[in-house]
Every structure is written in C-alpha cells, then in structure tokens.
Protein chains: 2
Amino acid sequence: MTATTPILAAHGALASQNCQACPIRHRAVCAKCDDDELVRLERMKSYRTWQAGETIVMEGGALPFVGSVVKGSASLTRYLEDGRVQMVGLLMPSDFIGRPGRKTAPYKVTAITEVTLCMFDRSRFEALLESSMHVSSRLLEMSLDELDAARDWMLLLGRKTAREKVATFLALVFRRAPTSAAPLRCTLPLGRDTIATYLGLTIETVSRQVTGLRREGVIRLEGNGRTILCDDFPALLAQAGDDAFDDADDPFFR
Amino acid sequence: MTATTPILAAHGALASQNCQACPIRHRAVCAKCDDDELVRLERMKSYRTWQAGETIVMEGGALPFVGSVVKGSASLTRYLEDGRVQMVGLLMPSDFIGRPGRKTAPYKVTAITEVTLCMFDRSRFEALLESSMHVSSRLLEMSLDELDAARDWMLLLGRKTAREKVATFLALVFRRAPTSAAPLRCTLPLGRDTIATYLGLTIETVSRQVTGLRREGVIRLEGNGRTILCDDFPALLAQAGDDAFDDADDPFFR
DNA sequence: CGTAGGATTGATGATGTTCAAAATTGGTGG
DNA sequence: CCACCAATTTTGAACATCATCAATCCTACG
C-alpha cells in the first residue's frame, strides 16, 4: 500500500485526493505539515460527503473520527430538554471537527450545504499529534481562534438586539461574498430557520428584521428571499451595533 | 541566578514560590511538566496580586505576559459601543490568561475577588511552547475545554429564560461549594451586577428571579443576599432547564 | 445611630415570541 | 405552457418576558 492508494469509506466515498492539491492545504490542521507528515496524513485519511440537511453526528453520539471540512458548511447545535435549539458553531472549509481524546460529540453536527469531510482515524491522528508539533500547534491556533469567535458570539447572543443580530449576520455573509464592489450580492445557503438558530431568535423575528432593513433601503431582496443585495455596506455595519469589525475575530474569516 | 531566586514584579510583587508546592501545579498549563520544564518555568515566572474590582488588562490593551490564575477569580468582558457589557469568561484558579502570538487582549480582564497571577514573559513562554509538548498539549486541552464551556454558555445566553439562567448559575455555584450535604450554603463573591453581566440580564431581573426562587422554597437567603442556602438541590436543577448537568463541561469545574 | 452601597420591589413600556393566516417561489405533472 | 402543490417566507395580532426608570429597603460599617 502506498500513500496514494485510494481509500474508500462505507458511504458516499470519494477517491483519496493528493494533499498537495487540496483546497484547504494551507489553512486546515495540516497547514504547517512537512512532506513526511503529509504522507502520514494521506495514509490515514478518507473522504466522505453528506447531502444538505443530513446529520453528520448526533449530539452525544459516537464520533469515531476527527477531520476537516473540505467543502461546504456544517452547523454545531445544542438542545435543551424541551427542544429549544442554539447553533454554537458554524463550520466552514478548513475548520476542524472532533477533539483528541474524546469519543463522543457534545453537539449535533448537521450539513447545511453539501459537505465533504477529510476524515482521520482518531487513534492514528492522536499518535501524529504526539509526534508532530506542526499538527498540534496548528490545532492549538485554530482552537484559540474558535474560542475568540465563540466569545464574540456570546456578546451577540447576550446583548445585541434582533436588528443588530441580523445586521451582524448579513455583514458577516457579505464579507465572504465573491463581489467586493457595490452592489454586494450574496445567495445564502441558510434558510431563515437556520439563521434564527444561529442568532438565538425565531424565524418570524429574523424575517421581520430583514424586511425592516429592506424598507429602510439598507438591503434589497431577490427571488425567494435568499439572495440579498447591499448597496450601502457602511449603513449595514451601522446597524450591527459593533464597536468595530475585526476580520481576525470574525467566525467566517478564520 | 538560580531557579529559586525570588523574582519581583514592579507592583504588588510576591516572592517566587516553589512550583512543586503550587496549589494549581497539577491542573494548570504546567500540569504535565517534568522537573526540567518546571525549572525553566520558575526562571521566567513572577507573581502579582490585584485587589477585587481592579482592572488587570484593558480591552484592546497591551498584554505583555501570559499566565495562570493561582488564587481568586477574574472576569473576561466585552463591550458594545454604547456600553452594553457581556461577560465572556470566568477565570478560576488554574485557568490560563493570554495567548501565544498575540500581544493585545481582546477582552477586558477584571479581578472579581483578590487575584494572584503566575505570569510568564511571553516570548520566553512561547519558546518553551515550541520545545515542550507537555506545555503545548496541556494548553490545547485547556483551550478545548474553554471552547466547550463557551459553547454551553452560548446555549444559555441564546435560549434560556431568566429563571433558567439564574438557576443554572446558582447550581454552578453550589457545585463548587465546600459543603456537599444539605443545606448547601454558599457566599457569592459576585454582586448582582456581575451576575447580570455573566447571564446577559439586568440587575433587577437577577434580583427578581432570586426572589422568585426564594418564594418557591428552592433557596433561602442570608445577610445581604450574597449568602444563599439550598435545601433541595434537585429542585434547583429542575429550574435550570438543562438536559443534564455534566461536570466535565461545566465552566466552574474544569 | 446614621450613612452609603447594594439589593429589592413596583409600575410601565419595549422588544421579541407565539399562534395563525396569507403570500411568494420553485418544482411537477397534465 | 399553465395549473397546482409543497415548502418557505412574510405578515398580522395578541401576548409574555424582560428592560427601564424610580423608589424603597436592608445590611454592613463607621
């Protein structure tokens, strides 16, 4: 068996990709790896794809792997007894899933769009962690970034108004949009329900705030309300209520 | 100069303590260190104490050190432009302050009680991080625990009612109380204002919920309202609305 | 015994939720 | 090509919760 032998997972399997050509090569947990370490990772990795809406891991369920998001986005959610939900994390390409030393997931992980993961067998990954500073130090960096992002979100959840929450979210989305010239345009991969879960609001309140921003001329809508345009980005930022937007701490831009 | 030479900081300095006798020796970032690494840490450490209410670091201010809380507790808070505040972290003994590679603090750090920090010069600590897997892997563990705690708190901030927030907070406090037999008794080091900042509520709402719990016989108050007794802990947990209390993810018990 | 700081209580109002219905869109099949 | 259907979004009205503003009360302390 060589490092380039295709490895197949049980379901939705993809052929193994060459790490050198990987789109997240320089941002994911493997970012600092040298060629030898990359070979070790290629030996233990496998790909799998989930469709939008599919559950990747149940809350409290077994998580026999760790891995990176290669393509698409996924949500981490927590539940209260009576069914109330809060999204506690949004995974984008290069983000890491799972944690060394833990075999079950403390959150439910759900595919928002079609998601492809690059999965590593946990025990073999842990062995690599112990021997390679490149992997462990990158994982530490990424975890500290996640921690900052989570704390930013705590400020939003605890203190921002519905209007500020929605404006903050939209500003976040536009920062990732391919277009940088006005009008900014973005087609959300999320429904109102997912946005509500992310912001700690109800669907109705999200909808009302989007409508409010539209009426005030800050944004425009197209089609089914999932495509949003913005002619005046500073006006949107002004509604976000933030001290200052700081890309480095922005959950979408790590 | 030897490893046991007392090192003095500019203000509120304490003599260097022996790491072996340190109360947080087995829980802090140095938990996994061997004797050699401990010697290196002793060479770069210094102690400093702040009084309750003092600012340890300003939001956005320079943070020339990293370090561990040895004694007391401190809060991490973030602000919006108009002054709204949210506590985003509660530091207890053994918790770590600062992050490698970053020279400014993204949060304001305030002493809740009298606080003593064991501070390490940042650049020397970073050098140790690069050479010692024991320090970096422990820091990774602690950071991932913090991340879990932050996400738990996101669920509280986003979805719990005022009653559930206060009950959750009190349950948290009682879990740290020295007494394990009924009646549980605890004297809070926090005022109503700090609790409100922690829970994303106002002082008045916290007070009303405490009163509500008292009227319903779940808790009793003593003195100025900072000493709280609980005869029926399960009744308190029932008010917390949580799925299950899980010590491992509890921000007070890491 | 008086005072200051913190905690509690009360009255009122704003904000966001809930429940219910209507509108819009994209897809399907005649 | 058009009509219909299901899913999603939007809108409306009533309500609940929590914040705000303004006293008042309590406790610790001098």
Side-chain angles (χ1 to χ4, degrees), chain A residues 51-53 80 82-86 112-113 156-170 186-216 219-229 239 241, chain B residues 51-53 80 82-86 112-113 156-170 186-216 219-229 239 241:
Chain A
Q51 296 306 308
L80 294 176
D82 60 4
R84 280 172 288 175
V85 200
Q86 177 63 52
I112 293 176
T113 62
L156 176 141
L157 292 173
R159 295 299 178 186
K160 285 194 176 178
T161 63
R163 170 60 61 93
E164 290 168 337
K165 286 179 176 181
V166 171
T168 301
F169 172 76
L170 291 178
C186 185
T187 300
L188 303 176
L190 318 167
R192 296 287 185 266
D193 55 345
T194 309
I195 298 173
T197 299
Y198 196 25
L199 297 176
L201 297 170
T202 59
I203 294 175
E204 295 93 329
T205 300
V206 172
S207 181
R208 274 185 251 271
Q209 296 304 329
V210 169
T211 301
L213 288 168
R214 182 174 56 71
R215 278 205 230 284
E216 292 168 26
I219 58 172
R220 281 180 290 149
L221 300 185
E222 250 179 22
N224 56 0
R226 276 170 131 113
T227 298
I228 300 184
L229 295 100
Q239 296 276 341
Chain B
Q51 296 306 308
L80 293 176
D82 60 3
R84 281 172 288 174
V85 200
Q86 177 63 52
I112 293 177
T113 61
L156 176 141
L157 291 173
R159 295 301 180 186
K160 285 193 176 179
T161 64
R163 171 59 61 93
E164 289 168 337
K165 287 178 176 181
V166 171
T168 302
F169 171 76
L170 291 177
C186 185
T187 299
L188 304 176
L190 317 168
R192 295 288 185 265
D193 56 345
T194 308
I195 298 173
T197 298
Y198 197 26
L199 297 175
L201 297 171
T202 59
I203 295 176
E204 295 93 328
T205 300
V206 171
S207 181
R208 274 185 251 271
Q209 295 304 329
V210 169
T211 302
L213 288 168
R214 183 173 55 71
R215 279 206 230 283
E216 291 168 27
I219 57 172
R220 281 180 291 149
L221 301 185
E222 249 179 23
N224 57 359
R226 275 174 132 115
T227 298
I228 301 184
L229 296 101
Q239 298 275 342

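Numbered from 1 within each chain, the chains take letters A, B, ... in sequence-line order.
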Open item on the list: Which residues pass the side-chain hydrogen bond (donor to acceptor under 3.5 Å, both in side chains) test with A:Thr205, not counting sequence neighbours?
Closed with: A:Thr202

Open item on the list: Holding to side-chain contact (heavy atoms from CB on, under 4.5 Å), I want the full list of residues that pass it with A:Arg214, two or more places apart in sequence or in another chain.
Closed with: A:Thr211, A:Ile219, A:Leu221

Task: Backbone N/O of A:Arg84 and side chain of B:Arg159: donor-acceptor pair under 3.5 Å - done: no

Task: Base-contact (B) and sugar-phosphate-only (S) positions in nucleotides 8-20 of chain D, heavy-atom cut-off under 4.0 Å, - elsewhere - done: SSBBBB----SSB

Open item on the list: Once side-chain hydrogen bond (donor to acceptor under 3.5 Å, both in side chains) is applied, do any residues pair with B:Thr113, and if so which ones, sequence neighbours excluded?
Closed with: none

Task: Contact interval (first through last nucleotide) of DNA chain C with protein chain A, 4.0 Å heavy-atom - done: C:dG16 to C:dT25

- [ ] Answer yes or no: is there a donor N or O on one side and an acceptor on the other, between the side chain of A:Arg215 and the main chain of A:Val210, under 3.5 Å?
- [x] no

Task: Angle of first-five versus last-five pair axes in the helix from C:dC1-D:dG30 to C:dG30-D:dC1, to 10 degrees - done: 20°

- [ ] State which residues pass side-chain contact (heavy atoms from CB on, under 4.5 Å) with B:Thr227; sequence neighbours excluded, sorted by chain then number.
- [x] B:Arg185, B:Thr187, B:Glu222

Open item on the list: What's the separation between atom CG in A:Leu199 and atom CZ in A:Phe169, rounded to the nearest 0.5 Å?
Closed with: 6.5 Å

TODO: Name all residues meeting the salt bridge (charged side-chain N to carboxylate O under 4.0 Å, His left out) criterion together with A:Arg220; count only those two or more places apart in sequence or in a different chain, and write none if there are none.
DONE: A:Asp231

- [ ] State which residues pass side-chain hydrogen bond (donor to acceptor under 3.5 Å, both in side chains) with A:Ser207; sequence neighbours excluded, sorted by chain then number.
- [x] none

Open item on the list: I need the A:Leu188 CG to A:Asn224 CG distance, nearest 0.5 Å.
Closed with: 9.5 Å

Task: For A:Arg163, side-chain hydrogen bond (donor to acceptor under 3.5 Å, both in side chains) partners two or more places apart - done: A:Gln209, A:Glu216, A:Gln239

Task: Qualifying salt bridge (charged side-chain N to carboxylate O under 4.0 Å, His left out) pairs, either residue in residues 187-207 of chain B, two or more places apart - done: none

Restricting both atoms to N or O, compile the protein contacts to nucleotides 4-6 of chain D shorter than 3.5 Å, with distance only.
none

